[in-house]
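Note sheet for the following structure.
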Amino acid sequence: DAGVIQSPRHEVTEMGQEVTLRCKPISGHNSLFWYRQTMMRGLELLIYFNNNVPIDDSGMPEDRFSAKMPNASFSTLKIQPSEPRDSAVYFCASSGTPGETQYFGPGTRLLVL
Amino acid sequence: SQQGEEDPQALSIQEGENATMNCSYKTSINNLQWYRQNSGRGLVHLILIRSNEREKHSGRLRVTLDTSKKSSSLLITASRAADTASYFCALTTSGTYKYIFGTGTRLKVLA
């Protein structure tokens, strides 16, 4: 089992550019989560999906952020336009059973200049 | 806030000693989980304890849960340098799939 796969692992971009982060959950898992981690705010849940449907996006900071899950094996988190305060590590996680163990990807370290 | 609050924020011990970290929360929970995060890596699940359980063991880990006090503790016995990491509690509540993560405890084990 390859685990949760995220790409890219590192992203450096300039303010105003569009950023797309990608995630492939563990096969068979039907819950997918996007988190953001910073020193100041800790680990924040941005959005989660169950069976490809967004269940709660109340953690998405603003309209510049959007997430999709077109099928059970792929999800994207998009930031458009990006700002320096979006710099953080973004994690994707999946779970086979809601509320049970989550499996985290290695994260995408985003730096917006 | 439903967020788990962990204490201490940082802990430094000698190899071979035991490490105890605590998590307090404010809401009713379905279960509580502990995760470890090594520097620059994703979180790794350690142990899950359900609301009707009081204690659980896994190798050198012991977790307790006191729902009346809304608190949990993670004990790592005979610590090793490799246990150096941040440890987070995460709680789930009934009827939702959300995981609420605590603020984390940074553990440093000195060789």
Side-chain angles (χ1 to χ4, degrees), chain A residues 2-7 9-10 21 23-26 29-60 69 88-111, chain B residues 1-10 21 23-25 27-53 56 58 61 63 65 72 74 85-106:
Chain A
V4 176
I5 299 172
Q6 290 188 247
S7 65
R9 294 291 309 276
H10 298 88
L21 311 181
C23 175
K24 177 178 168 55
I26 292 174
H29 283 189
N30 53 20
S31 296
L32 184 140
F33 305 79
W34 282 101
Y35 291 91
R36 178 173 67 177
Q37 187 177 38
T38 61
M39 288 294 292
M40 290 295 293
R41 300 176 68 91
L43 194 65
E44 302 174 278
L45 176 65
L46 300 177
I47 185 171
Y48 71 93
F49 296 83
N50 194 50
N51 293 322
N52 311 338
V53 176
I55 302 298
D56 187 334
D57 64 355
S58 60
M60 297 285 261
M69 191 164 186
V89 182
Y90 291 81
F91 289 104
C92 175
S94 70
S95 173
T97 303
E100 300 289 316
T101 300
Q102 282 193 310
Y103 296 85
F104 280 76
T108 295
R109 190 173 296 271
L110 174 65
L111 177 61
Chain B
S1 167
Q2 298 178 353
Q3 185 181 40
E5 297 291 333
E6 296 188 54
D7 118 86
Q9 289 188 336
M21 49 206 89
C23 172
S24 60
Y25 54 92
T27 188
S28 296
I29 64 168
N30 184 44
N31 67 53
L32 188 143
Q33 303 172 37
W34 286 88
Y35 289 80
R36 183 187 72 224
Q37 183 179 32
N38 290 89
S39 181
R41 303 284 188 96
L43 281 73
V44 174
H45 180 261
L46 294 176
I47 197 165
L48 180 154
I49 188 165
R50 302 191 186 282
S51 60
N52 61 354
E53 297 176 313
K56 212 161 181 183
S58 177
L61 306 180
V63 169
L65 178 64
S72 174
L74 170 67
S86 292
Y87 292 81
F88 294 87
C89 65
L91 53 99
T92 64
T93 57
S94 298
T96 175
Y97 302 145
K98 289 177 74 165
Y99 298 69
I100 311 297
F101 278 84
T103 50
T105 293
R106 294 188 309 279

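Computed from a predicted structure; not experimentally measured. To find a chain, count down the sequence lines: A is the first, B the second, and so on, and within it residues start at 1.
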Under a 3.5 Å cutoff, is there a donor and acceptor pairing between the side chains of Q33(B) and N31(B)?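 Result is yes, a qualifying pair exists.
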
Side chain to side chain contact (heavy atoms under 4.5 Å, CB included) between L91(B) and T93(B): does it pass, once the steps are laid out? CA-CA 7 Å; L91(B) 53 99; T93(B) 57; 4.2 Å; yes

Heavy-atom pairs under 4.5 Å with chain B: which of P98(A), C92(A), S95(A), G42(A) has the most?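 Answer, by heavy-atom pair count under 4.5 Å with chain B: P98(A).
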
Measure the shortest side-chain to side-chain distance between [X] and [Y] over non-hydrogen atoms and say whether it is less than 4.5 angstrom.
X       : Y      : answer
E100(A) : L48(B) : yes
Y35(B)  : V44(B) : no
F88(B)  : C23(B) : no

Which portion of S58(A) sits near chain B, non-hydrogen atoms under 4.5 angstrom: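 The side chain, not the backbone.
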
Answer yes or no: are there more than 12 heavy-atom neighbours, outside E53(B) itself, under 6.0 Å from its atom CD?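 Atom CD in E53(B) is packed in, count exceeds 12.
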
Over 12 non-hydrogen atoms of neighbours within 6.0 angstrom of OH in Y103(A):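 Count not over threshold, so no.
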
Nearest heavy-atom neighbours spanning F91(A) and P106(A):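 Of all heavy-atom pairs spanning F91(A) and P106(A), the closest is CE2-O, 3.6 Å.
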
Does anything in residues 29-39 of chain A reach chain B? List residues with heavy atoms under 4.5 Å apart, or say none.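 Result: F33(A), Y35(A), Q37(A).
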
Chain B contact residues among residues 44-51 of chain A, heavy-atom distance under 4.5 Å: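 Checking residues 44-51 of chain A against chain B gives L45(A), Y48(A), N50(A).
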
Applying side chain to side chain contact (heavy atoms under 4.5 Å, CB included) to C89(B) and L74(B), what does each step give before you reach the verdict? CA-CA 9 Å; C89(B) 65; L74(B) 170 67; over 6 Å; no

Heavy-atom distances under 4.5 Å only: say whether L43(B) touches chain A with side chain, backbone, both or neither.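 Both backbone and side chain.
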
Of all of R41(B), K98(B), R50(B), which one pairs up most often with chain A through heavy atoms under 4.5 Å apart?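 Ranked by heavy-atom pairs under 4.5 Å with chain A, first place is K98(B).
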
Stepwise side chain to side chain contact (heavy atoms under 4.5 Å, CB included) test for T105(B) and S86(B): CA-CA 5 Å; T105(B) 293; S86(B) 292; over 6 Å; no

Test: E6(B) and R106(B) ion pair at under 4.0 Å: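 No, no charged N to carboxylate O under 4.0 Å.
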
